[in-house]
Amino acid sequence: MKKKLLLPMLAVPLALAACGGNGGETRTLTVFNYSEYMDPEVIEMFTEETGIEIKYEEALTPEDMYTKYKAGGISYDLLCTSDYMLNRLISEGEAQEVDFSSFEYGGNIGQRYWDFAAEYDPGNKYTLPYFWGTVGILYDTTKVHGPIDSWEVLFNGEYAGDIIMQNSVMDSYIVALKYLGYSINTTDRDEIQAAQDLLISQKPDVAAYLVDEARDEVVAGNAAMAVVYSGEAYLGREYNPNLDYVIPKEGTEIWLDSWMVTKNCKDTDAAKQFLDFLCREDVAAMNFEYIYYSTPNEAVLESLSDEERSDPALAPDPDATDNCEVCIQNDAATTELLNELWKELRAN
Amino acid sequence: MDRNRRRQLLALPYVAWSILFTLIPLFVILRYAMVDKEGHFTVSYIFAFLSSVNAKAFLISLEIAVICTVICVLLAYPLVMVVRRLKISRMSFMLFFLIMPMWMNFILRMLALQMILSSNGILNMLLGFLGFPPLQIANTNTAVIIGVVYDYLPFMMLPIFNTISDIGEDVLEAARDLGAGPFTVFRRVILPMSLPGLKSGITIVFVPSMTSFVIADILGGGKIQLIGNIIEQEFTRSSNWNLGSGLSVSLMLFMLISMTFTIKDEILTKRPAEEISEEEKAEPRVVGDGVSRRTVL
């Protein structure tokens, strides 16, 4: 009796799953992206123009994405994630080679950004730059004295209790490593330990470790400065004109989010069509206006006003990013060490 | 017999539910906790809570959970004593009023608290307006405790209210007739008879406040690391599911052990309640069971 009941119960989800798959005539792509990282209208437009259905999935962090991707519950065709995570996925053989020179609109992506991407994708064989930016200091000009141009202000005690740091492993250590003059991609245990000591001694001065709220706290006047992503800084100034953003002179991290086609993707033509579509000027402009991070699309950059184009939060000029590095660190032992140290720092 | 069979069928959804969402996940977690990344058997993850960083987080979680539970008890009893004397219509209104915040999204409530407590927040604005110096509550243990108490107080109050409202007025009258003052009535009649409600209240408040991590993240400004935060980090950032599962298992064992103590306590403390009722010949004796006929939700 019980067995009879169980069988249909099991069969229903299976049947549903079969319908959801690639059955029928419509071509579908499963796209995995960060949340709020694409104008929903872009997806509709693509389906209207090509007839290819997009199944859109979102995640919050690269680690989250990696975990879900590896779990294999959903077979993703296209993935947009961050530099070091792409480095990891490429080295694990998860990416498919794509000939970007065959793209109709691939030329819109500036050479500078292909060079950034080459740090983790030599020869630009696997990834297509999507958005990029820097990590810097967003500060309230009414609350600081003297120029803010160095990471030093976070560590010299001058603004004790008025500092917001990022509540994320890498974004905390890159600040300390850069201030100490080390590479953000270091695997040297002594250098990492020095960064840890610096962050521990800084902890009493830190008001809070936040992620999305970091910007809001400065906007609301609860803190004088915060370590934030450049895109957040740009949006922060929309709310509070007294804010300013600086890329510290010691250099910082350049983060670059790019697209890759996964090895599971069967319909690579559709995937390429989608990526090419994202490079098209009107589409890239739509996404830019939706997200307001720095775009690698030069056709879009040229259409910006002079004010926007000279904004370090939106379009930092090449001089400002001279000392900067792309984060490609994916050494397992170092990652584990950083995670352990981060727990220790938070427990301290 | 046929009837019995059909009745048993009613349990099927529950059985399926428990297998899918209790037993299978429990086994998956246990398995992860007992193997290392290569799949070899190990108990090191289950004992990982002894390492200094994890032990510290464990102790802070325990401290916060105990403080919050005690505060909830201290707040719930006076509140219940006041509410139970009200007329039915007013009583329902008061209970509705106390439960209403629970209808609001949890994250929203925590973000609102954050706004109130932050250094330029509403609380400090009011204090400044009244001429008091500002308080630094945001991003401290105090803020986390306020958040947990705010969130869980209804869960402490309702079971206590249910048991206390089941105590017949005649029982209390009998106690008063025999010369007990209000304090003695509370101490020797109401308190012992409300113990089942208190017990379920403590369980519902203590366990989640020990394992919560979102409140610590939002109100603690990321500076307070509870065991829940570490488990979350192991799963989402460090991709170390084995360690995360190991810590979860040790946390579950800890809960199990502390809950058996509470149950034992109840057996021990039931005696005085019986003594009283026999002494004072109060009848009928109504002892609520935590889940009462006057369920409010």
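We name chains A, B, ... by the order of the sequence lines, and we start the count at 1 in each one.
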Hey, is [atom1] on [X] packed in by over 12 heavy atoms from elsewhere, all under 6.0 Å?
X	atom1	value
Met115(B)	CE	no
Phe27(B)	CZ	no
Glu36(A)	CD	no
Phe47(B)	CZ	no
Tyr239(A)	OH	no
Glu58(A)	CD	yes

Heavy-atom pair with the smallest gap, counting every atom of [X] and [Y]:
X	Y	answer
Thr67(A)	Trp241(B)	CG2-CZ2, 3.0 Å
Val53(B)	Glu344(A)	CG2-CA, 3.8 Å
Gly121(B)	Asn222(A)	N-OD1, 4.4 Å

For this session: Just give me the residue among Ala223(A), Ala220(A), Ala207(A) that pairs up with chain B most often, heavy atom to heavy atom, under 4.5 Å.
Result: Ala207(A)
For this session: Side chain from CB out, backbone as N, CA, C, O: work out which of these in Lys70(A) comes under 4.5 Å of a heavy atom of chain B, or both, or neither.
Result: neither
Distance check, rounded to the nearest 0.5 Å: [X] atom [atom1] versus [Y] atom [atom2]?
X	Y	atom1	atom2	result
Gln225(B)	Trp342(A)	CD	CH2	9.0 Å
Glu213(A)	Ile218(B)	CD	CD1	6.5 Å
Glu340(A)	Leu243(B)	CD	CG	7.5 Å
Lys343(A)	Glu234(B)	NZ	CD	4.0 Å

Problem set entry | Interface residue of largest heavy-atom contact number with chain A, from Lys223(B), Lys56(B), Gln114(B), under 4.5 Å | Lys223(B)
Seminar exercise, completed: Under 4.5 Å to a heavy atom of chain A? For Asn54(B) that would be side chain
Exercise. Where the side chain of Asn167(A) meets the backbone of Gly222(B), is there a donor-acceptor pair that is under 3.5 Å apart?
Worked result: no
